[in-house]
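For reference, the structure is listed below as structure tokens.
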Amino acid sequence: MEAFSTLTSRTVVLRERNIDTDQIIPARFLTTTERAGLGSHAFNDWRRRADGSLNPEFPFNQAQNAGAQILVAGRNFGCGSSREHAPWALTDLGLRAVISAEIADIFRSNALKNGLLPIQLPESTVDQLFNEVAAFPGYELTIDLERQVIVRPQGEEIPFDVLAFRKYCLLNGFDDIGLTLRHADKIKTFEAQRLAQKPWLARTMVA
């Protein structure tokens with residue numbers, strides 16, 4: 001997982017409320033366990049018309065939002081069914097952070113485990129960000145995870161909360177497998193000792 005420390009990026013807005021995981025990544029695209037390529041299907045039913053062509057009115061299809069890594073969304077973002085493909089699709093789309101007045105609990109947990117930083121702010125603050133992004137094309141925010149602040153272009157800092165453990169994981173680029181592999185040497189030592197004490201286990205391990 002790519003580590004997250006400080007990010008400065010253009011900001012894209014989806015004002016809609018209750019954007020659920022089926023809108024983030026429709027169920028028909030859940031047939032793969034590969035993360036690469038899922039970004040092309042993120043928000044598919046909004047990004048594309050019925051004939052498959054791109055909808056020029058959708059924010060992620062607009063040139064000024066190309067490369068944006070921060071999404072500011074309406075409240076209750078990520079609601080609906082639990083699917084890890086949702087943060088996979090968003091990160092493959094290029095996003096590193098989602099800001100909203102309310103972020104669904106299961107989505108938040110899945111996002112943090114996959115390198116996507118979910119930030120929950122007061123609704124009045126999110127509304128201000130909506131207006132500023134609309135007023136200033138190319139609007140950028142800086143997210144400083146170590147200090148837990150968002151820095152607006154004029155220098156004002158907006159504090160946010162994040163679980164200490166998940167902050168540690170993001171700063172160091174540790175997903176759940178990475179956390180386990182920190183102890184790879186101890187795991188190998190334990191396995192060697194166990195086989196020495198119970199050599200018959202080798203047959204079951206090979207099988």
Side-chain angles (χ1 to χ4, degrees), residues 1-2 4 7-121 123 125-143 150 175:
M1 185 173 81
E2 184 180 354
F4 191 121
L7 170 68
T8 298
S9 171
R10 288 194 299 279
T11 305
V12 61
V13 160
L14 291 178
R15 285 179 175 262
E16 289 81 1
R17 294 178 171 226
N18 306 313
I19 297 175
D20 64 34
T21 52
D22 195 54
Q23 290 164 321
I24 295 171
I25 180 71
R28 62 187 180 275
F29 299 114
L30 305 185
T31 57
T32 179
T33 57
E34 297 293 328
R35 306 183 188 198
L38 282 176
S40 63
H41 304 303
F43 305 111
N44 187 84
D45 295 343
W46 290 346
R47 289 173 72 190
R48 297 184 180 278
R49 298 183 173 120
D51 63 2
S53 63
L54 292 176
N55 174 8
E57 296 182 3
F58 188 64
F60 280 97
N61 294 336
Q62 296 171 352
Q64 70 266 25
N65 294 323
Q69 295 179 281
I70 301 172
L71 169 64
V72 183
R75 70 176 306 117
N76 200 25
F77 184 84
C79 57
S81 63
S82 169
R83 57 184 68 172
E84 203 164 9
H85 289 69
W88 290 358
L90 295 180
T91 55
D92 195 59
L93 184 60
L95 293 175
R96 296 303 314 278
V98 175
I99 300 170
S100 176
E102 181 183 2
I103 298 175
D105 289 342
I106 295 175
F107 175 84
R108 181 190 298 112
S109 177
N110 285 336
L112 287 166
K113 293 178 181 179
N114 287 281
L116 180 68
L117 176 61
I119 298 176
Q120 194 161 297
L121 298 177
E123 189 151 21
T125 303
V126 175
D127 286 341
Q128 289 175 359
L129 293 177
F130 284 154
N131 295 333
E132 290 176 13
V133 173
F136 303 102
Y139 184 88
E140 288 189 342
L141 292 171
T142 295
I143 299 175
I150 299 170
D175 58 14

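Please read these numbers as outputs of a predicted model, since none were measured by experiment.
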[X] side chain to [Y] main-chain N or O, any donor-acceptor pair under 3.5 Å?
| X | Y | result |
| --- | --- | --- |
| Asn61 | Glu57 | no |
| Arg83 | Ile25 | yes |
| Thr21 | Ser81 | yes |
| Ser53 | Arg49 | no |
| Ser100 | Gly74 | yes |
| Arg96 | Gly115 | yes |

Nearest heavy atoms of [X] and [Y], plus distance in Å:
| X | Y | answer |
| --- | --- | --- |
| Leu93 | Arg47 | CD1-NH1, 3.8 Å |
| Thr11 | Val133 | O-CG1, 3.6 Å |
| Gln120 | Ile103 | OE1-N, 2.9 Å |
| Gly37 | Asp92 | N-OD2, 2.9 Å |
| Ser82 | Asn110 | OG-ND2, 3.8 Å |
| Leu121 | Leu129 | CD1-CD1, 4.2 Å |

For Arg17, enumerate each residue passing the side-chain hydrogen bond (donor to acceptor under 3.5 Å, both in side chains) test, keeping only those at least two apart in sequence or located in another chain.
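Testing Arg17 for side-chain hydrogen bond (donor to acceptor under 3.5 Å, both in side chains), a comparison that skips the adjacent residues, returns Glu123.
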Rounded to the nearest 0.5 Å, how far does [atom2] of [Y] lie from [atom1] of [X]?
| X | Y | atom1 | atom2 | result |
| --- | --- | --- | --- | --- |
| Asn44 | Asp22 | CG | CG | 10.5 Å |
| Asn65 | Ile70 | CG | CD1 | 12.0 Å |
| Asn131 | Tyr139 | CG | OH | 10.0 Å |
| Leu7 | Ile150 | CG | CD1 | 10.5 Å |
| Leu71 | Leu95 | CG | CG | 5.5 Å |
| Leu141 | Thr8 | CG | OG1 | 9.0 Å |

Verify the neighbour count for atom CD1 of Ile106: are there more than 12 heavy atoms of other residues, nucleotides or ligands below 6.0 Å?
no
With a 4.5 Å heavy-atom cut-off, do [X] and [Y] have their side chains touching?
| X | Y | result |
| --- | --- | --- |
| Arg35 | Asn114 | yes |
| Phe107 | Cys79 | no |
| Lys113 | Asp175 | no |

Test side-chain contact (heavy atoms from CB on, under 4.5 Å) applied to Phe77 and Ile24, Val72, Asn18, the passing residue:
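Of Ile24, Val72, Asn18, side-chain contact (heavy atoms from CB on, under 4.5 Å) with Phe77 is met by Ile24 alone.
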With side-chain contact (heavy atoms from CB on, under 4.5 Å) as the test, would you mind laying out the steps for Phe43 and Leu90 before giving the verdict?
CA-CA 9 Å; Phe43 305 111; Leu90 295 180; 3.6 Å; yes
Verdict with supporting geometry, Gln69 and Ile143, side-chain contact (heavy atoms from CB on, under 4.5 Å):
CA-CA 11 Å; Gln69 295 179 281; Ile143 299 175; over 6 Å; no
Would you please classify the geometry between the His85 ring and the Trp88 ring as parallel, tilted or perpendicular, with 30° and 60° separating the classes?
tilted
Just say parallel, tilted or perpendicular for the rings of His41 and Phe29, cut-offs at 30° and 60°.
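His41 vs Phe29 ring planes: parallel.
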